[in-house]
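Just so you know, these numbers come straight off a predicted model, no measurement behind them.
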Amino acid sequence: MSTAREQPIFSTRAHVFQIDPATKRNWIPAGKHALTVSYFYDATRNVYRIISLGGAKAIINSTVTPNMTFTKTSQKFGQWADSRANTVYGLGFASEQHLTQFAEKFQEVKEAARLAREKSQDGGELTSPALGLAAHQVPPSPLVSANGPGDEKLFRSQSADAPGPAERERLKKMLSEGSVGEVQWEAEFFALQDSNNKLAGALREANAAAAQWRQQLEAQRAEAERLRQRVAELEAQAATEPPAVGEKEGPSQSLEQLEALVQTKDQEIQTLRSQTSGSREAADTTEREETQQKVQDLETRNAELEHQLRATERSLEEARVERERARAEVGRAAQLLDVRLFELSELREGLARLAEGAP
């Protein structure tokens, strides 16, 4: 590629990308660092080109046509399609201002290319080879440097006349190869900027993850405290059960005594009945009635004792069921506490690893 007959009209630096020809969706970077991207005007052929060199290789060599459109896809990224090269180029700028300047220059070049095509078709003679449609009204002047924020340098031509051969060679060398010191500093700047952005993003993610871990830790602590309180309540309830067992032993002894009393009363009933039958002839009517009354009283007492015995047995069974239920609940609470304590331990280990790995 020869730029002897071309003059640069605008230059900037940006990270260059090309669309993946296989997927037509993913971007392929042209390099790790930003490259110089320039607009050139070919006065001989009356065409405008966007050129970017990576060493001795032309990364971008795109002829601007009236049908092209430069699209801003984000605050610092823009793209355009080149049907002749059968590809899509993308540029990532250091700031939104640089993107806006490049887009405005693209529109100017596109309009100049349209006018050049129309005048060429009409057979007219072009008098504005360097973008200015009224350039003949502007006196010739050398290239002017427009410095944007950061280390970017933008070169604009305010004249339609080409500079001298020595100046052109100097500019061509600067645009194609660049100053070694400038390229090194700019490459280091972009590398540090990318590294800083990555570290800032990683720090934000680590802070967000740490905040989430802290919330989970507080929730786990609250749950563990609640379980401890529940276990303490269950243990206190279980501690009060031995007296209940003693009380159950008391009714058991009372039950035995009642059974013995029932047997004694039965024997007395039998004795009274035998005495009644043996002395029936000698007993008078009053003694017989008294004996019968005693028998009835004894039978009533016996029925009451049997009812009390059944009630005591039911109370014993309910107490046994309640004790088993309490034991099962204590076991489940203890298991749940073990699980929570294990999760809390894992959470603390994870926080410790995260703190050690944080920059």
**Report entry** From CA spacing to verdict: side chain to side chain contact (heavy atoms under 4.5 Å, CB included), Leu115, Glu111
**Finding:** CA-CA 6 Å; Leu115 294 175; Glu111 181 66 18; 4.1 Å; yes
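- Taking all atoms of both residues into account, the shortest heavy-atom contact from Ala58 to Leu53 is CA-CD2, 3.8 Å.
- In this structure the side chain of Tyr89 never reaches within 4.5 angstrom of the side chain of Ile59, judged on heavy atoms.
- With sequence neighbours excluded, no residue forms a side-chain contact (heavy atoms from CB on, under 4.5 Å) with Glu318.
- Hydrophobic cluster membership of Leu234, counting Ile, Leu, Val, Met, Phe, Trp and Tyr whose side-chain heavy atoms lie under 4.5 Å apart directly or via other members: Val330.
- The existence of a salt bridge linking Lys294 and Asp297 is excluded, since no basic side-chain nitrogen approaches an acidic carboxylate oxygen closer than 4.0 Å.
- A salt bridge is defined here as a Lys NZ or Arg NE, NH1 or NH2 lying under 4.0 Å from an Asp or Glu carboxylate O, and Glu223 with Arg226 meets this definition.
- Heavy-atom neighbours of Lys72 NZ from other residues, nucleotides or ligands within 6.0 Å: above the threshold of 12.
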Requested in this report: Could you check Lys105 against Tyr39 for side chain to side chain contact (heavy atoms under 4.5 Å, CB included), going step by step and ending with a plain yes or no?
Outcome: CA-CA 8 Å; Lys105 182 57 63 177; Tyr39 286 95; 3.5 Å; yes
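- Contact check for Ile19 versus Asn26: no side-chain heavy atoms found under the 4.5 Å cut-off.
- Nearest heavy atoms, Lys24 versus Pro21: CE-O, 3.5 Å.
- Using a distance-only test at 3.5 Å, with no hydrogens or angles considered, a donor-acceptor pair links the side chain of Lys110 to the main chain of Met68.
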Query raised in the report: Do Gln18 and Trp27 pass the side chain to side chain contact (heavy atoms under 4.5 Å, CB included) test, and can you show the C-alpha distance, the side-chain angles, and the key distance before you say yes or no?
Result: CA-CA 6 Å; Gln18 278 186 275; Trp27 289 107; 5.6 Å; no
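- Applying the side-chain contact (heavy atoms from CB on, under 4.5 Å) rule to Gln220 yields the partners Arg340, Glu343, Leu344, Leu347; only residues at least two apart in sequence or on another chain are considered.
- Under a 4.0 Å N-O distance rule, the pair Arg353/Glu356 does not qualify as a salt bridge.
- Residues Asp82 and Ser62 have side chains that bring a donor and an acceptor to within less than 3.5 angstrom of each other.
- Closest heavy-atom contact between Thr12 and Phe102: CG2-CD1, 4.0 Å.
- Taken from CD1 in Ile60 to OG1 in Thr36, the straight-line distance is 11.0 Å, to the nearest 0.5 Å.
- Nearest approach of Lys76 to Ala94, heavy atoms of both residues: NZ-O, 3.5 Å.
- Classification of Glu329 and Arg325 as a salt-bridged pair holds, one side-chain N sitting under 4.0 Å from a carboxylate O.
- Atom CZ of Arg114 is surrounded by more than 12 heavy atoms from other residues, nucleotides or ligands within 6.0 Å.
- In Glu313, the CD atom is crowded: over 12 heavy atoms of neighbouring residues, nucleotides or ligands sit closer than 6.0 Å.
- Ile28 forms part of no hydrophobic cluster, judged by ILVMFWY side-chain heavy-atom separations under 4.5 Å.
- Atoms OG and NZ, on Ser52 and Lys57 in that order, are 11.5 Å from each other to the nearest 0.5 Å.
- Between Arg332 and Leu336, the closest side-chain pair of non-hydrogen atoms is not below 4.5 Å.
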Query raised in the report: Under the salt bridge (Lys or Arg N to Asp or Glu O under 4.0 Å) criterion, do Arg320 and Glu317 qualify, and how do the steps go?
Result: CA-CA 5 Å; Arg320 186 186 62 79; Glu317 183 62 21; 2.3 Å; yes
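- At a threshold of 4.5 Å between non-hydrogen side-chain atoms, the residues Trp80 and Leu91 count as touching.
- Between Thr63 and Arg49, the side chains place no donor N or O within less than 3.5 Å of an acceptor N or O (distance only, hydrogens not considered).
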List the atom pairs, donor and acceptor, that lie under 3.5 Å between side-chain atoms in residues 299-308 and the rest of the protein, sequence neighbours left out.
| residue | atom | partner | partner atom | Å |
| --- | --- | --- | --- | --- |
| Glu299 | OE2 | Arg273 | NH2 | 3.3 |
| Thr300 | OG1 | Gln296 | O | 2.9 |

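- Note that OH of Tyr48 and OH of Tyr41 are 5.0 Å apart. Values are rounded to the nearest 0.5 Å.
- Arg13 and Phe93 make their closest contact through O-CD2, 4.0 Å (heavy atoms, listed as atom of the first residue, atom of the second, distance).
- Under the rule for a ring-ring contact (aromatic ring centres under 6.0 Å, His included), the partners of Phe17 that lie at least two apart in sequence or sit in another chain are Phe77.
- Distance alone, capped at 3.5 Å, is enough to place a donor-acceptor pair between the Thr100 side chain and the Glu96 backbone.
- In this structure, CG on Asp338 lies 10.0 Å from CG on Leu227, to the nearest 0.5 angstrom.
- For Ser74 against Leu99, the heavy-atom pair with the smallest separation is O-CD2, 3.4 Å.
- Here the side chains of His15 and Pro29 are not in contact, with every heavy-atom distance at 4.5 Å or above.
- By the 4.5 Å heavy-atom criterion applied to side chains, Asn46 and Lys119 are not counted as neighbours.
- To the nearest 0.5 angstrom, Glu218 atom CD is 9.5 Å from Gln215 atom CD.
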Query raised in the report: Can Leu337 and Val231 be said to form a side chain to side chain contact (heavy atoms under 4.5 Å, CB included), step by step?
Result: CA-CA 9 Å; Leu337 179 60; Val231 169; 4.3 Å; yes
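- Side-chain contact check for Phe40 versus Val109: every heavy-atom pair is 4.5 Å or farther apart.
- Distance CD1/Ile9 to OG/Ser38: 9.5 Å, rounded to 0.5 Å.
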